[in-house]
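Working notes, beginning with the structure itself.
If you're wondering where the values come from, they're calculated on a predicted model, not measured in any experiment. Letters A, B, ... mirror the listed sequences (proteins, then strands); counts begin at 1. Atoms considered below: every heavy atom in the structure, side chains included; atoms not considered: hydrogens, waters and symmetry mates.
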Protein chains: 2
Amino acid sequence: MEKRKRWSLEDVHQYLSEHDIRISLYRLKIFEYLINERTHPTAEEIYNKLKKEIPSLSPATVYNTLRFFLEKKIVQLVNVEKNEARYDATLSWHGHLKCLSCGRVFDIHIENLKLSGLEGFQVYEKHLDLRGLCPGCAKIKNIKEVEYD
Amino acid sequence: MEKRKRWSLEDVHQYLSEHDIRISLYRLKIFEYLINERTHPTAEEIYNKLKKEIPSLSPATVYNTLRFFLEKKIVQLVNVEKNEARYDATLSWHGHLKCLSCGRVFDIHIENLKLSGLEGFQVYEKHLDLRGLCPGCAKIKNIKEVEYD
DNA sequence: TCTAAATTTATAATGAATATAATTTCGAAG
DNA sequence: CTTCGAAATTATATTCATTATAAATTTAGA
Ligand SMILES: [Mn+2]
Ligand SMILES: [Mn+2]
Ligand SMILES: [Zn+2]
Ligand SMILES: [Zn+2]
């Protein structure tokens, strides 16, 4: 995975403007968090992180802003866990794996996907969601299994 | 798509027994509905359909039973729409497309899927979820677009 | 048939997300 | 730089699918 440059607030400002989105401190910080952390956070996680540096932030703003970003199509919804909406500012085609042990959501590279029987359908969105264990958690689990053999 | 034989209640009875699931009228009818209708219904849709012939049925039973079927791994969760849990008794590997116009969920045949970078991961579940328009709704939409050219 | 355990029911509770209405902030015009 | 209407944000109430609880009923084996 290539190393990406962190986005400055100025980068975010320009990106939002290019997408006809009015600027506010909250929108800048929320998008900056999504694009630089890339952890697929929930609204609550974003709120808890950002309220430390912006105590005036309200949870409703985070929910509203994320919904607005979805409408503007600058973020995508990651729905790998029922009743847990996560958000991703990376729009390129990739899948997600949620580790059922540590809860983290990882990006998965898709080499190839071939579907059939889609004649007549119009496809607007594709989501590939996996559930399992990340390498760290899988290793721990294997060690535990050996211990109790 | 091949034509499948409808399952009788006796078929369902045997199938549940084989999976170490105690029999009850509700479990039989809920599983029969899933396996014969194959519409990927929500709990509410199942409840509304079945209460007509079984007025004593309660919504809690439908929710409990579906959760129990998930634990027993005889149904899978279809999560193509946020906050709308749908259930599928077909366990073979296939994807789903939700029509954003009529709301129906269609099975999609997956010819091929190749992922990379999964070294060290353990994958327990894979879900491919599409959103778009079914052929009927896409046709209507195209007609409307021509009308207003 | 009898009995303990499992299932089902009615009801209350939960919790993420949305709606509402008042307040604050943004940003373009002057 | 100031002004001012529109848009964004806030606190709060509300929604709604789902889960928890505890009592009643049903199941399945002895
Ligand atoms: Mn991602
Ligand atoms: Mn299906
Ligand atoms: Zn993990
Ligand atoms: Zn349709």
Legend entry - is_close_aromatic(A:Tyr63, A:Tyr47), centroid dist under 6.0 Å: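 Here the rings of A:Tyr47 and A:Tyr63 have centres that are no less than 6.0 Å from each other.
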Inset, instruction - Specify whether A:Tyr15 and A:His19 have parallel, tilted or perpendicular ring planes, treating 30° as the upper limit for parallel and 60° as the lower limit for perpendicular. - result: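 Taking A:His19 first and then A:Tyr15, their aromatic rings sit tilted (interplane angle of 30° to 60°).
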Inset, instruction - Give me the ring orientation class for B:Trp7 and B:Phe31: parallel if the planes are under 30° apart, tilted from 30 to 60°, perpendicular past 60°. - result: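 Correct class here is tilted.
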Nearest whole angstrom, please: distance from the [atom2] of [N] to the [atom1] of [X].
X	N	atom1	atom2	answer
A:Lys72	D:dA7	NZ	C1'	12 Å
B:Asn83	C:dT18	CG	C1'	11 Å
A:Ile54	C:dT24	CD1	C1'	16 Å
B:Phe68	C:dT8	CZ	P	9 Å
B:His13	D:dT27	NE2	P	11 Å
B:Leu28	D:dT26	CG	P	16 Å
A:Asn64	D:dA8	CG	P	10 Å
A:Arg22	C:dG27	CZ	P	6 Å

Inset, instruction - Name the residue closer to the 5' end of DNA chain D, choosing between A:Ile23 and B:Glu84 according to the nucleotide with the nearest heavy atom. - result: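 Result: A:Ile23.
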Does [N] have OP1 or OP2 sitting under 4.0 Å from an N or O in the side chain of [X]?
X	N	answer
B:Tyr63	D:dT18	yes
B:Arg67	D:dT19	yes
A:Ser24	D:dT9	yes
B:Arg27	C:dA6	no

Legend entry - Residue whose nearest DNA chain C nucleotide is more 5′ - B:Lys82 or B:Ile21: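 The residue mapped nearer the 5' terminus is B:Ile21.
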Inset, instruction - Ignoring the backbone of B:Ala43, work out which of D:dA11, D:dT18, C:dT8 is nearest its side chain. - result: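 Nearest nucleotide to the side chain: D:dT18.
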Inset, instruction - Have a look at B:Ser56 and say if it touches a base, only the backbone sugar-phosphate, or nothing, with a 4.0 Å heavy-atom cut-off. - result: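 B:Ser56: backbone/sugar contact only, no base atoms under 4.0 Å.
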Inset, instruction - Ignoring hydrogens and angles, state whether a donor on the side chain of A:His109 or A:His94 is under 3.5 Å from an acceptor on the partner side chain. - result: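 Per modelled atom types, A:His109 and A:His94 side chains form no pair under 3.5 Å.
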Legend entry - Donor-acceptor side-chain pairing of A:Arg104 and A:Thr39 below 3.5 angstrom: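 Distance-only check fails for A:Arg104 and A:Thr39.
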